[in-house]
There are 2 protein chains.
Amino acid sequence: MPPATPKRRNAEKTQQAILDAARQTFFEKGYDAAGTREMADRANVNVALINRYFGSKEGLFKKAILPELNIEFLLAGDMADFGQRVANMFAAKTGEKEFDPLVALLRASTSKEAIPLLRQTVEDQIIKPLALRLNGNTAHERASLIVTQLAGYDLLNRVVDVQTTSTGGTEDMVRLLGKTLQDLVDRV
Amino acid sequence: MPPATPKRRNAEKTQQAILDAARQTFFEKGYDAAGTREMADRANVNVALINRYFGSKEGLFKKAILPELNIEFLLAGDMADFGQRVANMFAAKTGEKEFDPLVALLRASTSKEAIPLLRQTVEDQIIKPLALRLNGNTAHERASLIVTQLAGYDLLNRVVDVQTTSTGGTEDMVRLLGKTLQDLVDRV
DNA sequence: ATGATAAGTAATCAACTGTTGACTTATATA
DNA sequence: TATATAAGTCAACAGTTGATTACTTATCAT
């Protein structure tokens, strides 16, 4: 039965609910496999409202996921211990189920429709800002290699769920990944 | 019009044609977006034969893609110059349009159905054999980091088509990637 | 030549996709 | 209180998808 009080109308809250549901759904299922009906149900909202407010699924993806891409957490801090700091963060979030924009991007990275959006986002929002923090004339290449390493790390560990560590803990992995990243910061 | 000579029946050739078409289609489109009808059309074969001969789309993927995963080319050669050798190979195939099992795997890496198959393949066919060629007690971790770096490199360069090199050539990229990989071989 | 068997075909199923247009209903202003 | 407008609903479209069924036809051993 429908609620006795027929639910107050509030466009802003509705759009926010759609955005939240979309973020979670895109994060869990990638782009293609994330259905608009599922998102609408999660947001307790009619499907048609997605198109009304965001134009299309692609428009929703743009507003829900792309702005979440914030690599401040990567750049904030001394570059002298960038490697260990970042390695720790990435190792710590292995197995984490909460929304992570990077993983959302990875899960969408094989979708024809999403790829053009991803390409620009990765170049402008991730590689370029990171390259600006590096010294030397190969800054862009080294920034790219840092990003490819981190993308591959998250892809295997969190998307495909591959076993990358052998015995016991992750200390070895953190140390090795940290050293690899730091070498790229320090000009290899 | 149908061919005057109504086409000789040959189960083996038919299956081979399906496998070839499937390889190309999975390579181009990943797992979900690769339709059985498209594969059948490419192979000049009736769709129903896919299910007759391979049981399901998943069965076809197993027979068409997984056996192609051959990392002999990675392990063949002296480990003393593994880094430069492999970096050269990966840089050279950027932009390449021909079938590449690694890229096929990457394009399938976000599909719910394909992930369990990928996980086991990556662990057993790639990471473990590579780890066996490395010395020291962190061999598995370092092999994993080599694989994550190469996976991320191919994902960004060949799937998402990101610009990872700055000015002109790829020499800098090859040198930096090669050094990074070699350091992981040599214990970081 | 005649059956048995394997190979290939055609139609259809049920489920799902994103999107749209016409509709109803609540809310706030005049 | 009447009314314009924004918010939300509903049903349907037109296209997919992988898979199955009953069927026809070619091939080969007897």
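Here is the naming used below: chain letters follow the sequence lines, and residue numbers restart at 1 for every chain. Just the heavy atoms: all of them, side chains too, but no hydrogens, waters or symmetry mates, feed the values below. Every value quoted in this text rests on a predicted model; they were computed, and no experiment measured them.
Qualifying side chain to side chain contact (heavy atoms under 4.5 Å, CB included) partners for A:Leu69, counting only residues two or more places apart in sequence or in other chains: A:Ile71, A:Pro101, A:Leu102, A:Leu105, A:Thr121, A:Ile126.
Note: CD1 (A:Ile50) to C1' (C:dT20) measures 14 Å, nearest angstrom. Atom NZ of A:Lys13 is separated from atom C1' of D:dG8 by 17 Å (rounded to the nearest Å). Across the protein-nucleic acid pair, A:Phe54 atom CZ and C:dT20 atom C1' stand 18 Å apart, rounded to whole Å. Distance CZ (B:Phe61) to P (D:dA19): 14 Å, rounded to an integer number of Å. One interatomic measurement links the two molecules: CD1 of A:Ile18 to C1' of C:dT19, which rounds to 14 Å at whole-angstrom precision. Put simply, CG on B:Asn46 is 17 Å from P on D:dC23, counting in whole angstrom units. Atom-to-atom, NZ of B:Lys112 to P of C:dC16 comes out at 12 Å; the value is rounded to the nearest Å.
For the residue pair A:Glu12 and A:Gln16, no side-chain donor N or O sits within less than 3.5 Å of a side-chain acceptor on the partner. Between the side chains of B:Glu141 and A:Thr165, not a single donor N or O lies within less than 3.5 Å of an accepting N or O.
The 12-atom threshold is not exceeded at CD of B:Gln120, counting heavy atoms of other residues, nucleotides or ligands nearer than 6.0 Å. For NZ of B:Lys63, the number of neighbouring non-hydrogen atoms (other residues, nucleotides, ligands) closer than 6.0 Å is 12 at most.
A salt bridge links B:Asp183 to B:Lys179: at least one charged side-chain nitrogen sits closer than 4.0 Å to a carboxylate oxygen. Comment: A:Arg42 engages A:Glu38 in a salt bridge, judged by a side-chain N to carboxylate O separation of less than 4.0 angstrom.
The aromatic rings of B:Phe61 and B:Tyr31 sit perpendicular, their planes meeting at an angle over 60°, well past the 30° parallel limit.
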Under 3.5 Å, which N/O atoms of the protein pair with N/O atoms of nucleotides 14-18 of chain D?
residue	atom	partner	partner atom	Å
D:dG18	OP1	B:Ala34	O	3.2
D:dG18	OP1	B:Lys57	NZ	2.8
D:dG18	OP2	B:Thr36	N	3.0
D:dG18	OP2	B:Thr36	OG1	3.1
D:dG18	N7	B:Arg37	NH1	2.8
D:dG18	O6	B:Arg37	NH2	2.8

With 3.5 Å as the limit, what N/O pairs link the protein to nucleotides 3-7 of chain C?
residue	atom	partner	partner atom	Å
C:dA7	N3	B:Arg9	NH1	2.9

